[in-house]
Amino acid sequence: MSKMLVKDFNLGYTLLCGQMFRVSRAGEWFTVAARDHIFKVSQSSEYLEFEGVDKRFIVNYFALDEPYAAILEEIGRDGHVRSAVKKYYGMRIVRQDPWECLISFLCSSAANIPKIKLNIEMLSKSFGRSIALDGLEGYAFPRPGGLNHYGKIVQAKTGFRAKYLHAANELVSEAFLESLRRLPYPDAKKALKQIPGVGDKIADCVLLFSLGFTGAFPIDTWIRKILRGLYFENQEISDRELLDFSQKHFGRYAGYAQQFLYMLAREAM
DNA sequence: CCGCAGGCCCCAC
DNA sequence: GTGGGGCCTGCG
């Protein structure tokens with residue numbers, strides 16, 4: 001068991017923000033599976049307790065090395081974002097594993113969170129090696145190339161998305177995903193959209209939630225709804241226009257603005 | 001039982 | 001270049 005002091009961090013908001021699909025909660029403790037790690041974590045005031053990974057992993061995973069105050073100052077120029085930040089202060093954007101993130105969001109098309117969680121859990125069980133922590137059962141997520149059995153992908157109840165997962169497994173390597181980090185945002189996005197089943201939304205999710213592109217702004221049905229309500233009431237506006245507006249309006253940390261607005265949208269459901 | 005969901009692809013226009 | 005139907009499957 002390790003313990004560390006954390007500032008400007010709220011574990012609950014960060015883990016329950018709806019972008020991670022292998023998180024479970026038991027009272028104060030969260031169990032998180034990420035790539036080939038499984039760990040437990042809890043927060044009491046400004047201390048984080050954790051087990052199963054080291055401090056370096058925690059800092060990177062929860063993006064605790066980001067200039068949080070500067071980010072909030074920049075996105076807080078917008079009044080709606082500012083009030084969302086007040087409510088959900090300490091929420092961070094986790095750095096997921098790019099491959100697991102890509103597969104998760106490929107599963108998200110026309111789905112819902114419980115279904116995505118089911119898909120990812122079944123894929124992990126079917127293709128991943130067993131890893132355990134304190135007798136907790138867990139499975140690593142398979143590496144690129146590891147989803148090598150179409151029938152088993154279908155058995156994971158992935159439906160029409162199975163063909164996308166299978167193709168991604170053929171096309172994508174660890175090196176390809178890592179190389180995207182060094183590209184300008186438009187080029188990295190274009191490269192991701194070459195993968196069948198990946199459009200604007202999924203590409204932006206992978207860029208924001210796993211590859212460190214803090215300016216990426218995924219537009220899903222929740223964000224669409226809240227942007228229209230807050231900024232374009234009674235106006236016809238396309239996703240293309242919403243995306244252009246958001247990136248200009250919120251700037252290089254637009255992704256953080258997105259995530260805070262997303263929290264507002266979800267609470268109003 | 002039945003409509004629908006955190007989206008993409010394809011095909012009209 | 002833009003809009004709308006179809007898609008697997010589980011959830012509500």
Side-chain angles (χ1 to χ4, degrees), chain A residues 13-24 84 88 91 93-94 96 98 100-126 147 149-172 186 189-211 213 216-230 232 235-246 254-269:
Chain A
Y13 293 152
T14 301
L15 286 178
L16 299 176
C17 69
Q19 313 299 358
M20 275 146 292
F21 307 102
R22 295 210 288 157
V23 174
S24 59
Y88 297 106
M91 186 203 63
I93 294 180
V94 161
Q96 299 182 37
E100 182 174 344
C101 187
L102 170 64
I103 296 300
S104 300
F105 284 99
L106 276 172
C107 290
S108 75
S109 280
N112 50 44
I113 291 173
K115 180 167 175 357
I116 302 164
K117 286 180 121 169
L118 176 70
N119 290 154
I120 296 303
E121 188 186 322
M122 292 189 77
L123 289 170
S124 301
K125 268 190 188 160
S126 182
L147 292 175
H149 190 296
Y150 184 75
K152 287 206 247 174
I153 297 174
V154 173
Q155 280 171 31
K157 304 182 192 297
T158 50
F160 67 87
R161 308 158 197 83
K163 57 182 180 289
Y164 300 146
L165 302 195
H166 191 68
N169 187 63
E170 300 274 302
L171 288 169
V172 170
K189 185 164 178 177
K190 206 172 291 175
L192 279 172
K193 285 172 70 174
Q194 300 302 310
I195 303 165
V198 179
D200 277 314
K201 195 272 181 180
I202 293 177
D204 277 331
C205 284
V206 174
L207 292 169
L208 177 61
F209 300 128
S210 77
L211 289 169
F213 287 84
F217 196 96
I219 297 188
D220 64 18
T221 92
W222 296 101
I223 285 296
R224 188 179 299 121
K225 194 179 293 181
I226 198 158
L227 286 180
R228 284 181 176 168
L230 294 177
F232 300 98
Q235 292 178 52
E236 285 288 322
I237 186 157
S238 68
D239 284 356
R240 181 72 251 168
E241 293 170 305
L242 285 178
L243 188 54
D244 289 343
F245 163 80
S246 302
Y256 275 85
Q258 187 270 1
Q259 200 54 34
F260 279 104
L261 292 175
Y262 178 87
M263 297 291 268
L264 278 189
R266 290 296 300 258
E267 86 180 356
M269 67 191 267

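We name chains A, B, ... by the order of the sequence lines, and we start the count at 1 in each one.
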Sugar-phosphate only, base, or nothing, as touched by Y164(A) at under 4.0 Å among non-hydrogen atoms: sugar-phosphate
Base-pairing assignment for dG12(C) (Watson-Crick or G-U wobble, both under 3.5 Å): dC2(B)
Touch class at under 4.0 angstrom, heavy-atom based, for R161(A) against every strand present: base
Under 3.5 Å donor-acceptor, Q19(A) side chain and Q259(A) backbone: no
Between C1' of dC9(B) and CD of Q194(A), the distance in whole Å: 15 Å
Atom-to-atom span, CG of L106(A) to P of dT9(C) - whole angstrom: 17 Å
Whether F209(A) and F105(A) hold their rings parallel, tilted or perpendicular, with breakpoints at 30° and 60°: parallel
Minimum heavy-atom distance between A203(A) and V198(A), given as atom pair plus value: N-CG1, 3.7 Å
Touch class at under 4.0 angstrom, heavy-atom based, for I202(A) against every strand present: sugar-phosphate
Closest nucleotide among dC7(C), dC8(B), dC11(C) to the F160(A) side chain: dC7(C)
d(CG, L243(A); C1', dG1(C)) in whole Å: 16 Å
Phosphate OP1/OP2 of dG10(C): any K157(A) side-chain N/O under 4.0 Å: yes
5'-most by nearest nucleotide on DNA chain B - I195(A) or A110(A): A110(A)
Nearest-neighbour nucleotide for the K115(A) side chain, dA5(B), dT9(C), dG7(B) considered: dT9(C)
Which residue lies more 5' along DNA chain C, comparing L118(A) with R240(A) via nearest heavy atoms: R240(A)
K193(A) NZ to dC10(B) C1', straight-line distance once rounded to whole Å: 15 Å
Atom-to-atom span, CG of D220(A) to P of dA5(B) - whole angstrom: 13 Å
Nucleotide dT2(C), atom P - distance to CG of D200(A) in whole Å: 12 Å
Nucleotide dG7(B), atom C1' - distance to CG of L165(A) in whole Å: 14 Å
Interatomic distance at P, dC8(C) relative to dC1(B), whole Å: 22 Å
Spatial distance of atom CD1 (I202(A)) from atom CG (L106(A)) [nearest 0.5 Å]: 5.0 Å
Centroid-centroid distance, Y88(A) to Y13(A), less than 6.0 Å: yes
Nearest-angstrom distance from the residue atom NZ of K163(A) to P of dC9(B): 10 Å
